[in-house]
Student: 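After the structure tokens below, expect a handful of questions from me.
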Amino acid sequence: MQIIILPDEVASQIAAGEVVERPASVVKELLENALDAGADEILIKIEKAGKKRIEVMDNGIGIPLNQMALAVSRHATSKLRSAEDLHKIKTLGFRGEALASIGSVSHMTLLSRTEEHEMGGRIEVHGGQVNKIEYDGMPVGTTVRVRDLFFNVPARLKFLKTDHTERRRIDEFITRYATAYEGVSFDLQHDSKTVLQTSGNGDRREVLASLYGLELAKQMLEVSFHEGDFHIEGYISPISLTRSNRREITFFINGRWVQDNTLTSSLLRAYQNYLMVGRYPVAFLFVRMPPALVDVNVHPAKAEVRFQDSGDIFRRVQRSVRRALMSYSPVPQIPSRLWHPHPGQEREEIRVQMPFPEDEVGDALKEETSVENMSQANLPHSQIPLLRLIGQIGATYLVAEGPDGLYLIDQHAAHERVLFEKFLKGEPAGRASQALLEPATITLPPEKARIIEEHLPVFKEIGVHVDPFGPNTFRVQAVPGFLAGADPVSIVQVVVEDFEEDETPLEKEEEKRIIARICKRAAVKGGQVLSVEEQQKLLQDLENCQSPRTCPHGRPTMIHLSVDLLEKQFGRRGSR
Ligand code: ADP
Ligand code: MG
């Protein structure tokens, strides 16, 4: 066969494969264009998760009439002049590919007017075929309407996920940009219903409040870090506010949302030792740095970046976050009477060092595996002997004496176990719902709100009564009796997080998994001082459990130092 240069339409369709993967990528490109055009009002209308229609309307500078045809052709951009410029990109776009790509796989209408012109123009592209430009009256700004995405690429259509999933990707994206661009007013509508709206008045905490609820916005700690031409600003959660996944860790570099391991791990490093295993902070961090030090031209979708010196970035992010954590919420000072003579040291240092063989404690030390050992309830009882409470240490562990030695009990893990078994047993007072005296409200970003809406029956099933209460806001009316006293909002949060990670429908085991996670959230924490009565009660409840030795996730609730072991350790007997 002869070699030919591909016709533009074909080349565009191939390029579109990289740039336009799904409705959310169209939204992303159009939104970036609107922001590059300096818009401060952006309206996004979506129909059928973007599969039917995506429309982005902005009040930016617009496109001059005589350049509209260029705008929709390949490698046409106003943002880049030479290869040199690639090292100092200040705009979100620069590849000149988006409009051409989108136009090649949809019916696209571009409407635009600049301030200099009385009339705007309209151009239509159908599967890469460009119609001629016509005059059209409209306000200054640009509107791009994309209908029937992938109508001419059936293979792509087949790869799209459910409306629910595609919609969530759009929502996640807009939510992030709405927090990053606090001076821009966003309005996102799905099927004519507004699901996200920000005022654009420049107050980022207010944006957080409208998207994530007042409670979260109030608690977030401010990060403000400036070193030369390196700036990190934003909000991070205090150590008391955590999530079970990393989804709410958001980084922007020079105005662009990036998902980057260096950034995430530097943040997590800053929190190290302050969060329990498996818990993650919430963070919105906006980094500004010289464009020359970060390469954004790594991938057509521009979501990846490459740092010239990633170690440097790592240290700065870590430092900025540490500083914020320290100045706002000094690490709780845990009195460590028994293990450390000087109170006020970091918690890390009071970790009990045990100089004896692994297997003495190790057999229960399983990693947190998928689900609770479901079968455990059927196992022969691994009960513990009657224990005599000695007291609490480090506000984290109970110390007790049994007939065969000393027991150290992790109060959090133990309480988790106790709650979980109350649920399993379905004690009348346990599983039945108990109305809250004061219903609690919870506001969530749209993608999470949808999860609740779609799983209302599940909530009911496990005894959590939730009602819609305004846009993206819900009211918790009742929680299961065995959780009375726990924070209802964090209970709902746990269930949402659970569904975020796994969208499969609820099955029997699934229910247990969710309950196990709720128990974890509701259980007393390490670092919480308990009264002697509370300690007694916890110990007693634990004694009554069927599987008192592990928490529902398989980690040990207790360490047993047998008399035998003590004697060996003190050199009274054996192993000299
Ligand atoms: P890129 O953004 O990489 O330059 P695009 O294909 O997305 O490429 O857009 C091509 C050009 O069309 C842009 O460089 C810009 O000049 C113009 N343009 C696109 N969208 C808008 C908009 N919303 N407002 C103003 N100009 C726009
Ligand atoms: Mg663009």
Student: Quick one, Ser210 and Thr198 - any side-chain contact, counting heavy atoms below 4.5 Å?
Tutor: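 A side-chain contact exists here, since the closest heavy-atom pair is under 4.5 Å.
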Student: Does some side-chain heavy atom of Glu248 sit less than 4.5 Å from a side-chain heavy atom of Lys448?
Tutor: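 In short, these two side chains touch, coming nearer than 4.5 Å.
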Student: Keeping the roles fixed (side chain from Gln535, backbone from Leu530), state whether a donor-acceptor pair exists under 3.5 Å.
Tutor: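 Confirmed, Gln535 side chain pairs with Leu530 backbone.
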Student: With rounding to the nearest 0.5 angstrom, report the CG to SG distance, Asp410 to Cys551.
Tutor: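 These two atoms lie 8.5 Å from each other.
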Student: Specify the closest pair of heavy atoms between Phe482 and Ile515, including all atoms of both residues, with the distance to one decimal.
Tutor: CZ-CG2, 4.2 Å
Student: Do Val258 and Glu304 have side chains that get closer than 4.5 Å, going by heavy atoms?
Tutor: no
Student: Ignoring hydrogens and angles, tell me if any N or O in the side chain of Ser490 forms a donor-acceptor pair with the backbone of Gln493 under 3.5 Å.
Tutor: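 Side chain of Ser490 to backbone of Gln493: no pair is present.
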Student: Determine whether the aromatic ring centres of Phe286 and Tyr235 lie less than 6.0 Å apart.
Tutor: no
Student: Salt bridge check: are Arg205 and Glu182 linked by an N-O gap of less than 4.0 Å?
Tutor: no
Student: Minimum heavy-atom separation for Leu267 and Ala283, please, with both atom names.
Tutor: CD2-CB, 3.9 Å
Student: Using a 6.0 Å cut-off, check whether atom CG of Asp309 has over 12 heavy atoms from anything other than its own residue.
Tutor: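 More than 12 within 6.0 Å, yes.
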Student: Looking only at heavy atoms, which two atoms of Pro548 and Leu542 are closest? And how far apart?
Tutor: CB-O, 3.3 Å
Student: Just do the side chain to side chain contact (heavy atoms under 4.5 Å, CB included) check on Glu172 and Arg247 with the steps written out, would you?
Tutor: CA-CA 10 Å; Glu172 266 172 2; Arg247 277 171 201 266; 3.5 Å; yes
Student: Taking all non-hydrogen atoms of both residues into account, name the closest pair between Ala400 and Leu539 and its distance.
Tutor: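 In terms of heavy atoms, the two residues are closest at CB-CD2, 4.1 Å.
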Student: Would Thr443 and Thr473 count as a side-chain hydrogen bond (donor to acceptor under 3.5 Å, both in side chains) here? Give the steps.
Tutor: CA-CA 4 Å; Thr443 302; Thr473 302; 3.2 Å; yes
Student: Any sub-3.5 Å donor-acceptor pair from Arg279's side-chain atoms to Thr242's backbone N or O?
Tutor: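 Yes; judged by distance alone, with no hydrogens or angles, the pair exists.
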Student: Where the side chain of Thr396 meets the backbone of Gly394, is there a donor-acceptor pair that is under 3.5 Å apart?
Tutor: yes
Student: Looking at Lys79 and Asp36, does any basic side-chain N land under 4.0 Å from a carboxylate oxygen?
Tutor: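 Here Lys79 pairs with Asp36 in a salt bridge, since their nearest N and O are under 4.0 Å apart.
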Student: Would you say the side chain of Pro281 lies within less than 4.5 Å of the side chain of Ile236, judging by non-hydrogen atoms?
Tutor: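 They are not in contact (no side-chain heavy atoms under 4.5 Å apart), so the answer is no.
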Student: Side chains of Ser199 and Ser185: any donor to acceptor distance under 3.5 Å?
Tutor: no
Student: Check whether any side-chain N or O of Arg204 sits under 3.5 Å from a backbone N or O of Thr179 as a donor-acceptor pair, and report yes or no.
Tutor: yes
Student: Among side-chain atoms of Glu497 and Asn245, is any donor-acceptor pair under 3.5 angstrom?
Tutor: no
Student: Among Tyr212, Tyr181, Phe251, which residue meets the ring-ring contact (aromatic ring centres under 6.0 Å, His included) test with Phe284?
Tutor: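 Going through the options one by one, the only one that passes is Tyr212.
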Student: For residues 215-224, tabulate all N or O donor-acceptor pairs below 3.5 Å that involve a side-chain atom, not counting sequence neighbours.
Tutor:
| residue | atom | partner | partner atom | Å |
| --- | --- | --- | --- | --- |
| Ser224 | OG | His226 | NE2 | 3.1 |

Student: Decide yes or no on side chain to side chain contact (heavy atoms under 4.5 Å, CB included) for Ile409 and Leu538, but give the supporting numbers first.
Tutor: CA-CA 10 Å; Ile409 293 150; Leu538 180 55; 5.8 Å; no
Student: Is the backbone of Thr441 close enough, under 3.5 Å, to the side chain of Arg475 for a donor and an acceptor to pair up by distance?
Tutor: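 It does not hold such a pair.
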Student: Gln197: which residues meet the side-chain contact (heavy atoms from CB on, under 4.5 Å) condition with it, sequence neighbours left out?
Tutor: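 side-chain contact (heavy atoms from CB on, under 4.5 Å) list for Gln197, sorted by chain: Asp187, Thr194.
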Student: For Lys525, does the NZ atom sit with more than 12 other heavy atoms under 6.0 Å from it, leaving out its own atoms?
Tutor: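 Enclosed: over 12 neighbouring heavy atoms sit under 6.0 Å from NZ of Lys525.
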Student: Side chains of Val26 and Val56: closer than 4.5 Å at any heavy-atom pair?
Tutor: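 The answer is no; the side chains never approach within 4.5 Å.
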Student: What's the spacing between Arg288 CZ and Ile253 CD1 if we round to 0.5 Å?
Tutor: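 With rounding to 0.5 Å, CZ (Arg288) is 10.0 Å from CD1 (Ile253).
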Student: For Lys161 and Phe159, indicate whether the former's side chain and the latter's backbone hold a donor-acceptor pair under 3.5 Å.
Tutor: no
Student: How long is the straight-line distance from CD of Gln318 back to CD1 of Ile313, given to the nearest 0.5 Å?
Tutor: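 Separation between the atoms: 13.0 Å.
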Student: If you round to the nearest 0.5 Å, how far is CG of Leu196 from CD1 of Ile170?
Tutor: 12.5 Å
Student: Return the orientation label for the Phe252 and Trp257 ring planes: parallel under 30°, perpendicular over 60°, tilted otherwise.
Tutor: parallel
Student: Hey, mind stepping through Arg316 and Phe225 against side chain to side chain contact (heavy atoms under 4.5 Å, CB included) and telling me if it holds?
Tutor: CA-CA 9 Å; Arg316 291 189 207 245; Phe225 176 92; 4.1 Å; yes
Student: Short question: side chain of Glu421, backbone of Ser547 - any donor-acceptor pair under 3.5 Å?
Tutor: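 Such a contact is found between Glu421 side chain and Ser547 backbone.
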Student: Do Glu166 and Leu160 have side chains that approach each other closer than 4.5 Å (heavy atoms only, starting at C-beta)?
Tutor: yes
Student: Within the distance-only criterion (no hydrogens, no angle test), does the side chain of His560 pair as donor or acceptor with the backbone N or O of Tyr407 below 3.5 angstrom?
Tutor: no
Student: If only side-chain N and O atoms count, and only distance matters, is there a donor-acceptor pair under 3.5 Å linking Gln528 with Gln411?
Tutor: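 Gln528 and Gln411 do not have a side-chain donor-acceptor pair below 3.5 Å.
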Student: First locate atom CG of Leu188, then atom NE2 of His190, and finally report the distance between them rounded to the nearest 0.5 Å.
Tutor: 4.5 Å
Student: Start with the C-alpha distance between Arg167 and Thr162, add both sets of side-chain angles, then the distance that settles side chain to side chain contact (heavy atoms under 4.5 Å, CB included), and finish with yes or no.
Tutor: CA-CA 8 Å; Arg167 199 188 131 149; Thr162 60; over 6 Å; no
Student: According to the interplanar angle, ranging from 0 to 90°, do the rings of Phe420 and Phe423 count as parallel (below 30°), tilted (30 to 60°) or perpendicular (above 60°)?
Tutor: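 Phe420 and Phe423: tilted rings.
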Student: Just by modelled atom types, is the Phe307 backbone N or O under 3.5 Å from a matching donor or acceptor in the Ser310 side chain?
Tutor: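 No, the answer is negative, given that no donor and acceptor are paired below the 3.5 Å cut-off.
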Student: Using 0.5 Å steps for rounding, measure from the OG atom of Ser265 to the CZ atom of Arg246.
Tutor: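 If we round to the nearest 0.5 Å, Ser265:OG and Arg246:CZ are 8.0 Å apart.
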Student: For a quick check under 3.5 Å, do Thr557 and Arg417 share a side-chain donor-acceptor pair by atom type?
Tutor: no
Student: Which heavy-atom pair separates Leu31 from Phe186 by the least distance, and what is that distance?
Tutor: CD1-CE2, 3.7 Å
Student: Is the shortest side-chain heavy-atom distance between Val287 and Asn254 below 4.5 Å?
Tutor: no
Student: What heavy-atom pair brings Ile89 and Arg256 nearest, and what distance separates the two atoms?
Tutor: CG2-NH2, 4.4 Å
Student: Mind running side-chain hydrogen bond (donor to acceptor under 3.5 Å, both in side chains) on Arg517 and Ser244 for me, showing each step along the way?
Tutor: CA-CA 9 Å; Arg517 304 246 318 238; Ser244 69; 2.8 Å; yes
Student: Side chains of Val282 and Arg243: closer than 4.5 Å at any heavy-atom pair?
Tutor: yes
